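Order of the sequence lines fixes the chain letters, A, B, ..., with proteins taken first and strands second; residue numbering starts at 1 for each chain. Model, not experiment: these values are computed from the prediction.
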2 protein chains.
Amino acid sequence: MDILPSPQQLRYLIALSEQRHFGRAANVCSVTQSTLSAGILNLERQFDVAILDRTAGKRVVFTPIGEEVIIQAKVALQGLESVRDVIHFVQEPFSSSLRLGIIPTVAPYILPDVIRNIRHNYPKLTLSLHEDLTENLMEKLAIGHLDLLVIAMPCDCSGAETFFLFKDDFFIIMPKDHPLEQFDRIRLDQIEAKEIISLQDGHCLKDQTLDMCRQGQNFKTVSDSHNDFTASSLKTIINMVGIGLGVAFIPKMAIESEIGDRSDIVVRPLDGNPTCRTIGLAWRRNSLRASEFKQFEKVFQNLKI
Amino acid sequence: MDILPSPQQLRYLIALSEQRHFGRAANVCSVTQSTLSAGILNLERQFDVAILDRTAGKRVVFTPIGEEVIIQAKVALQGLESVRDVIHFVQEPFSSSLRLGIIPTVAPYILPDVIRNIRHNYPKLTLSLHEDLTENLMEKLAIGHLDLLVIAMPCDCSGAETFFLFKDDFFIIMPKDHPLEQFDRIRLDQIEAKEIISLQDGHCLKDQTLDMCRQGQNFKTVSDSHNDFTASSLKTIINMVGIGLGVAFIPKMAIESEIGDRSDIVVRPLDGNPTCRTIGLAWRRNSLRASEFKQFEKVFQNLKI
DNA sequence: AATAAATGATTGAAAAAATCGATGGACATT
DNA sequence: AATGTCCATCGATTTTTTCAATCATTTATT
């Protein structure tokens with residue numbers, strides 16, 4: 001016995017499970033009702049299994065085994081589609097659509113250049129953008145609502161395949177006339193935990209700077225709620241620093257556009273290891289477009305940051 | 001465009017990739033060479049893709065895209081087989097073959113009972129047994145050489161789905177007239193690291209007892225090579241203890257059969273938390289037989305341990 | 001209770017496909 | 001140049017898929 005279900009049979013079954021109606025399901029499959037009905041019956045006869053519960057009057061009700069078969073049928077059909085898709089993606093990369101996710105602490109600073117580069121390099125690519133926190137992006141990636149992410153590491157990216165792009169140094173900013181202003185470089189242990197202003201929970205940049213501090217020599221503990229300010233954007237943080245509420249860590253890519261030549265804020269590089277985050281790409285494991293995505297590296301080179 | 005590859009086409013392609021010869025591949029598929037040749041050509045024409053490199057003389061050489069297609073074809077065919085198999089496994093559980101992996105520190109003590117229970121409860125099941133270290137079992141499970149594992153946790157079982165069976169307490173054994181003999185229960189901090197005899201590397205029981213010791217209050221560090229004895233079975237360890245070379249941790253299930261009423265060895269329960277390992281089942285994630293395997297729980301109840 | 005409407009199953013003919021056996025042409029070896 | 005191996009092609013045959021029409025059963029309406 002080596003008979004396998006045919007792609008049509010699977011399509012008929014899945015359409016029926018979605019429509020719960022032979023006529024509509026047949027319509028979805030662009031066949032007549034009799035064809036779809038016969039297809040389902042063939043499937044049942046070939047494998048000697050009751051997929052539909054025909055005691056349930058005329059409503060479409062699946063047996064428990066039927067439900068299991070439907071689940072596997074979806075997986076199998078996906079596999080068949082992958083065969084078709086891999087041909088398309090390998091043969092004609094950069095010619096379909098790309099749903100790109102990007103985190104809020106990166107998006108404003110590289111997106112203009114990135115979009116320009118993509119439009120220039122891959123004019124056939126239909127781009128759609130989604131800005132959200134890492135956790136939400138990862139979720140959307142996993143369920144197939146997004147194709148590719150731009151994230152900052154370290155972060156929880158288990159389940160996704162990641163690809164290094166570049167490093168982004170952290171700087172410390174402080175109000176003018178702050179005691180630390182006299183130093184050219186600031187060591188992490190010179191900074192007082194309680195005067196640090198950071199982003200709201202969920203932003204990976206907050207976790208990254210906190211980790212950095214914890215690893216700093218004299219920084220024993222950094223409380224999660226060391227002050228009452230919460231900000232959801234770097235712009236707000238910078239304004240808080242500007243009016244003297246504390247100091248903050250800002251990634252290099254944000255400095256020029258957010259601070260520019262403000263005279264009320266002083267920027268200093270950090271001493272310590274590591275004092276940067278890593279910007280990278282992430283995609284679903286086993287994505288058919290992995291090789292396409294890797295080539296996106298060049299879109300992220302020569303950015304003005 | 002909504003055409004999908006047919007199961008035959010995929011089979012032909014995979015056979016060809018394995019045989020690298022149209023005639024032999026056709027034989028494997030039980031069709032004529034012309035059929036297989038036409039099938040491959042149809043696949044190429046339907047998707048407008050060059051799978052074979054026909055400039056390569058008469059040898060069967062695949063294009064880079066062809067190799068990608070083959071990879072996806074294998075996945076897709078697997079999916080189709082799953083649809084067939086899920087019917088079989090759900091409709092007639094416990095009637096096919098079961099390749100069971102089991103670790104060396106569990107196998108001798110429960111296997112006789114387990115086999116008897118399986119034979120009694122599931123006489124149609126064809127059982128094959130494989131005793132090996134956890135790491136090797138997990139590898140064989142992942143590549144499909146085994147169906148189900150009996151393992152002891154904690155251990156590295158990422159990638160597999162696990163199922164709790166029962167807990168198995170650790171006891172400490174020592175030679176007669178050992179200083180600790182006077183105590184009814186032994187606290188972990190009463191034991192000297194350097195007199196502990198443990199199994200060779202790779203046995204999860206070694207790691208589990210070591211972890212237990214590390215978590216013990218006064219046990220700062222437990223060297224991995226605290227003495228020169230290495231054993232590959234609990235029986236050998238017990239003999240070592242018997243001649244006064246040290247003390248050892250032994251799981252409850254091993255005590256009766258391995259120690260019985262030996263007068264040269266003293267067995268004592270442990271104080272501490274946790275002082276046990278967990279015996280459980282493991283199978284491939286998304287295994288079609290998950291529900292079948294879960295019912296195996298009853299095979300592991302009422303063991304004489 | 002009778003009737004109408006809706007739904008899934010069945011049937012038989014037509015269309016599409018898969019397969020086979022025979023044959024042809026390219027290539028490598030001798 | 002002859003030979004054998006190998007894959008592609010062709011026409012005939014078989015198998016599968018599909019459709020349109022119709023049947024049988026259930027549900028809703030009168």
Side-chain angles (χ1 to χ4, degrees), chain A residues 1-63 66 70 73 77 80 83-84, chain B residues 1-63 66 70 73 77 80 83-84:
Chain A
M1 213 249 267
D2 217 338
I3 191 100
L4 290 178
S6 75
Q8 297 104 306
Q9 287 173 331
L10 301 183
R11 243 197 314 233
Y12 296 165
L13 179 62
I14 290 167
L16 184 62
S17 80
E18 283 164 356
Q19 303 295 328
R20 310 236 148 208
H21 185 287
F22 277 70
R24 284 197 299 276
N27 240 332
V28 169
C29 297
S30 305
V31 295
T32 60
Q33 173 267 319
S34 69
T35 298
L36 189 131
S37 182
I40 302 285
L41 284 169
N42 275 341
L43 195 60
E44 290 185 292
R45 280 171 196 155
Q46 272 174 33
F47 295 102
D48 191 31
V49 64
I51 291 175
L52 284 165
D53 179 357
R54 279 165 239 271
T55 68
K58 65 188 316 169
R59 290 205 328 285
V60 173
V61 178
F62 293 98
T63 61
I70 289 166
L77 206 61
L80 291 174
V83 178
R84 157 164 57 78
Chain B
M1 212 247 270
D2 216 340
I3 191 99
L4 290 178
S6 77
Q8 299 104 304
Q9 287 172 332
L10 299 184
R11 246 199 310 238
Y12 296 164
L13 179 61
I14 291 167
L16 185 62
S17 81
E18 283 164 356
Q19 302 296 328
R20 310 231 149 215
H21 184 285
F22 277 70
R24 285 197 299 274
N27 239 334
V28 169
C29 297
S30 304
V31 294
T32 60
Q33 174 265 320
S34 69
T35 298
L36 189 131
S37 182
I40 301 286
L41 284 169
N42 274 339
L43 194 61
E44 291 186 292
R45 280 171 195 156
Q46 271 174 32
F47 295 102
D48 192 30
V49 64
I51 292 175
L52 285 165
D53 179 356
R54 278 165 241 270
T55 66
K58 63 193 312 176
R59 292 208 327 286
V60 173
V61 178
F62 293 99
T63 61
I70 289 166
L77 206 61
L80 292 174
V83 177
R84 155 165 55 79

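One can place CG of A:Asp53 at 18 Å from P of D:dT25, the figure rounded to the nearest angstrom. Spacing between atom CZ of A:Arg11 and atom P of D:dT17 amounts to 13 Å, rounded to whole angstrom units. What separates CZ of B:Phe22 from P of C:dT23 is a distance of 21 Å, to the nearest Å. Atom CG in B:Leu41 sits roughly 15 Å away from atom C1' in C:dT19 (whole-Å rounding). Whole-Å rounding puts the A:Ile40 CD1 to C:dT10 C1' distance at 16 Å. Nucleotide C:dC20 holds its P atom 11 Å from the CG atom of B:Asn27, rounded to whole Å. The CD atom of A:Gln46 sits 9 Å away from the P atom of D:dT16 (whole-angstrom rounding). With rounding to whole Å, B:Leu52 atom CG is found 12 Å from D:dA8 atom C1'.
Phosphate proximity of C:dC20 to B:Ser34: absent, as no side-chain N or O sits under 4.0 Å from OP1 or OP2. The phosphate of D:dT18 has OP1 or OP2 within less than 4.0 Å of a side-chain N or O from A:Tyr12. Contact annotation: A:Gln33 does not reach the phosphate of D:dA20 (side-chain N/O to OP1 or OP2, under 4.0 Å). Dashed line: the shortest gap from a side-chain N or O of B:Arg45 to OP1 or OP2 of D:dT9 is under 4.0 Å.
One N or O on the side chain of A:Ser17 and one on the backbone of A:Ile14 form a donor-acceptor pair closer than 3.5 Å.
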Would you sort out whether A:Thr63 and A:Val49 count as a side chain to side chain contact (heavy atoms under 4.5 Å, CB included), showing the intermediate values?
CA-CA 10 Å; A:Thr63 61; A:Val49 64; 5.9 Å; no

Stepwise side chain to side chain contact (heavy atoms under 4.5 Å, CB included) test for A:Gln19 and A:Asn27
CA-CA 10 Å; A:Gln19 303 295 328; A:Asn27 240 332; over 6 Å; no

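With C:dT19, D:dC19, C:dT10 as the choices, the nucleotide that has an atom nearest any side-chain atom of B:Gln8 turns out to be C:dT19. Here the side chain of A:Asn42 is nearest to one of C:dA9, D:dA8, D:dT17, namely D:dT17. When distances run from any side-chain atom of A:Thr35 to the nucleotides D:dC19, D:dT9, D:dT17, the shortest one goes to D:dC19. For A:His21, counting side-chain heavy atoms from C-beta on, the closest listed nucleotide (D:dC10, C:dT7, C:dT19) is C:dT7.
Taken to the nearest 0.5 Å, the CG atom of A:Leu52 stands 5.0 Å off from the CZ atom of A:Phe62.
B:Gly23 comes within 4.0 angstrom of sugar-phosphate atoms only, judged by non-hydrogen atoms across all strands, and of no base.
Counting heavy atoms from C-beta on, the side chains of B:Tyr12 and B:Leu16 never come closer than 4.5 Å.
Projected onto DNA chain C by closest heavy-atom contact, B:Gln9 and A:Ala38 fall at different nucleotides, the more 5' of which corresponds to A:Ala38.
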